[in-house]
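Working notes for the structure below.
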Amino acid sequence: MRVLIIGAGLAGPCLAHGLRRHGHDVQLFERDPAVDARAQGYRIHINDDGDAALRTWLPAEAYEQAVATSCIPGGVSMAGPDLRDVTGIELPPGVAGITVDRLTLRRIMLRDLMDSTRFGAGFSRYELPADGTVRVFLTDGSTAEGDLLIATDGANSGVRRQLLPDFHVTVQGSRLIYGRTPLTARARESTPRPALEGFLGVNGPDGRGLALAAQRFRRSPADFGLPAADDYVMWGLTVPSRVCGPRFFELGAADLLELAATTVADWDPSLSTLIRLGDAGYVVPASIQTSERPDSWPQVPVTLVGDAAHPMPPVGTSAGVAIHDAGLLASHLVSGAPLSDAVRSYETAMLDHGFAAVAAATRNHAGDF
Ligand SMILES: Cc1cc2nc3c(=O)[nH]c(=O)nc-3n(C[C@H](O)[C@H](O)[C@H](O)COP(=O)(O)OP(=O)(O)OC[C@H]3O[C@@H](n4cnc5c(N)ncnc54)[C@H](O)[C@@H]3O)c2cc1C
C-alpha cells in the first residue's frame, strides 16, 4: 500500500515507522525546510498511551534513545503567585509517561526516515481520482499519488480544512506565551525548586497562570550522534485577553518576553527574572483552541491523526493522544482488513478516544499544560 503522510511532527514519524516495518510504501511530507528549521526544542510530556505507542511502533533502538535522552522524572506541584504554599499533586493513573525534548525525539524518529521524508514540501490540496486513489499537490510544485492520505499536520491542519470544511474550532480569548530559559547558574537561582525537579503550576486568581518545568536530560543527545542540547527551563504563561492587546501575534520575541515578564511582575520576583533570562529564539505566541466532534465523517481515502483531528486546550495530554492515534491507525492498517474497513474502524475508535480527551482537556484547562 502507498501511504502519503502530511506533517513530520510527533505522530507522523511514529506512524511512518509502524507502517514501514510492515512493508508499506510511506512518503512523509513536511512543510518546514528542515527538522530544526524553527525553534522546536520544547519539553513535552507524553502520557502513558503515547509512550506505549512509541514503544510499540518505533524501532527498539530509537525508543531506547528516546528514553535515554528523556527528562529526569520529577513530581508535579502547584503554588500561588508568592510561591509560598507549594502543594504536591498525586498524579492519576495513565499520566506518568515520558517527558522529552521535542526536537530530540523528532531527530531520533526521523533519522531512519530521511530517505522517505521530503522537507520544504507543504500540503496544498488533494484530489480524489475515480480509481479510488488520492493525489496530493505540494507547495514545492510536485504531486504525489497514494492509496491513503494521512494528515498529521497539527492543530491548524490544511488537510482537515479540505476534508471537513465545517469542522468547528473555538479559540479562547486568553493567549499563551511559551518560552525557555537556559539553565545557567543565574537561571538556576531564579528557578523555584519544584520546577527544577519536576513541574510547577503557578495559578493567579485572575486568569493568569504560569507552568514551569526543567528539562534535565538523562543523557546528552550527543551520546547518540545527535546535536548536543543543554538543560533548560520551559515555561508557558497564560495571558488573559485584557493584557494581550489586538496585535499579540505580531509581537517580536523581545516584546513577547517583556510582556510575559510584566504580566507576572507582581508575583514572586524570581519568576519575572527567569522569564527575562529567556532565550529570544524560543519564545512563541499561541492561542488556546478546543474543537467539536463532527456529526459526519467523509468515507474517502483521507484521514486525520492527532491535533489535526481534535485540537484541544494544552493540559499535557494532546501529544500523548496524537501518538496514540498514530499507533491505533498503524495497528488497523497492518491488521489485514480491507483498507477502507481499516480506516473506518480507526476513525470510530480515534473519534471516541480523541474527543473524550478534548472534553477532559476543556474541563481541566486552567492555564497549565
Ligand atoms: C511549547 C509547547 C509545549 C507543549 N507541551 C506539551 C506537553 O507537555 N504535553 C502535551 O501533551 N502536549 C504539549 N504540547 C502540544 C503538543 O506539541 C501537540 O499536541 C503535539 O505535537 C501534536 O502532535 P501532532 O503530530 O498531531 O502535530 P505536530 O507535532 O504539531 O506536528 C505537525 C507537523 O505538521 C507540519 N505541518 C503543518 N502544516 C503543514 C502543511 N501544510 N504541510 C506539511 N506539513 C505541515 C508542522 O510543521 C509539524 O511538523 C505543547 C505544545 C507547545 C507549542
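First listed ligand is number 1; within each ligand, the first listed atom is number 1. Bear in mind that the values here come from a model prediction, so they are computed numbers and not experimental data.
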For Gly122, the ligand 1 atoms whose distance to one of its heavy atoms is below 4.0 Å: 42 (N), 43 (C)
Intermediate values then yes/no, salt bridge (charged side-chain N to carboxylate O under 4.0 Å, His left out), Arg118 and Asp140: CA-CA 10 Å; Arg118 262 223 335 263; Asp140 63 1; 3.2 Å; yes
Ligand 1 contact on Ile44 by region, counting heavy-atom pairs under 4.0 Å: both
For atom 12 (N) of ligand 1, the option (of Ser124, Ser318, Ala286) bearing the nearest heavy atom: Ser318
Option with minimal heavy-atom separation from atom 51 (C) of ligand 1, where the choices are Phe29, Tyr178, Trp235: Tyr178
Ile6-ligand 1 polar pair, N/O distance under 3.5 Å: no
Any Ala8 heavy atom less than 4.0 Å to ligand 1: yes
Check: Leu351 and Arg293 side chains under 4.5 Å, non-hydrogen atoms: yes
Cation-aromatic face contact Arg125/Phe137, 6.0 Å, 45 degrees: yes
Residue pair Met109 / Leu54, side-chain heavy-atom distance below 4.5 Å: yes
Among Arg102, Met234, Arg180, Glu30, closest by any non-hydrogen atom to atom 49 (O) of ligand 1: Glu30
Interfacing atoms of ligand 1 (cut-off 4.0 Å, heavy-atom, Ala322): 22 (C), 23 (O), 26 (O)
Which of the ligand 1 atoms, numbered from 1, are nearer than 4.0 Å to a heavy atom of Phe123: 40 (C), 41 (N), 42 (N), 43 (C)
Sub-4.5 Å side-chain heavy-atom contact between Met350 and Trp297: yes
Nitrogen or oxygen atoms of Ala308 and ligand 1 under 3.5 Å apart: no
Distance filter under 4.0 Å to His45 heavy atoms, resulting ligand 1 atoms: 7 (C), 8 (O), 9 (N), 10 (C), 11 (O)
Asn156 and Gln289 side chains, donor-acceptor separation under 3.5 Å: yes
Where ligand 1 meets Gly306 - atom numbers and elements under 4.0 angstrom, heavy-atom basis: 26 (O)
Check: Ala11 N/O within less than 3.5 Å of ligand 1 N/O: yes
From Ser272 atom OG to Glu258 atom CD, the distance as rounded to the nearest 0.5 Å: 9.5 Å
Backbone or side-chain N or O of Tyr42 under 3.5 Å from ligand 1 N or O: no
Proximity to ligand 1 by part of Thr317, non-hydrogen separation under 4.0 Å: backbone
Glu30 and Thr117 side chains, donor-acceptor separation under 3.5 Å: no
Close-contact set for ligand 1 against Thr152 heavy atoms, below 4.0 Å: 31 (O), 32 (C), 33 (C), 34 (O)
Qualifying residues under salt bridge (Lys or Arg N to Asp or Glu O under 4.0 Å), relative to Asp51, sequence neighbours excluded: Arg55
Pairs flagged by salt bridge (Lys or Arg N to Asp or Glu O under 4.0 Å) wherever residues 128-137 is involved - sequence neighbours left out: Glu127-Arg135, Arg135-Glu145
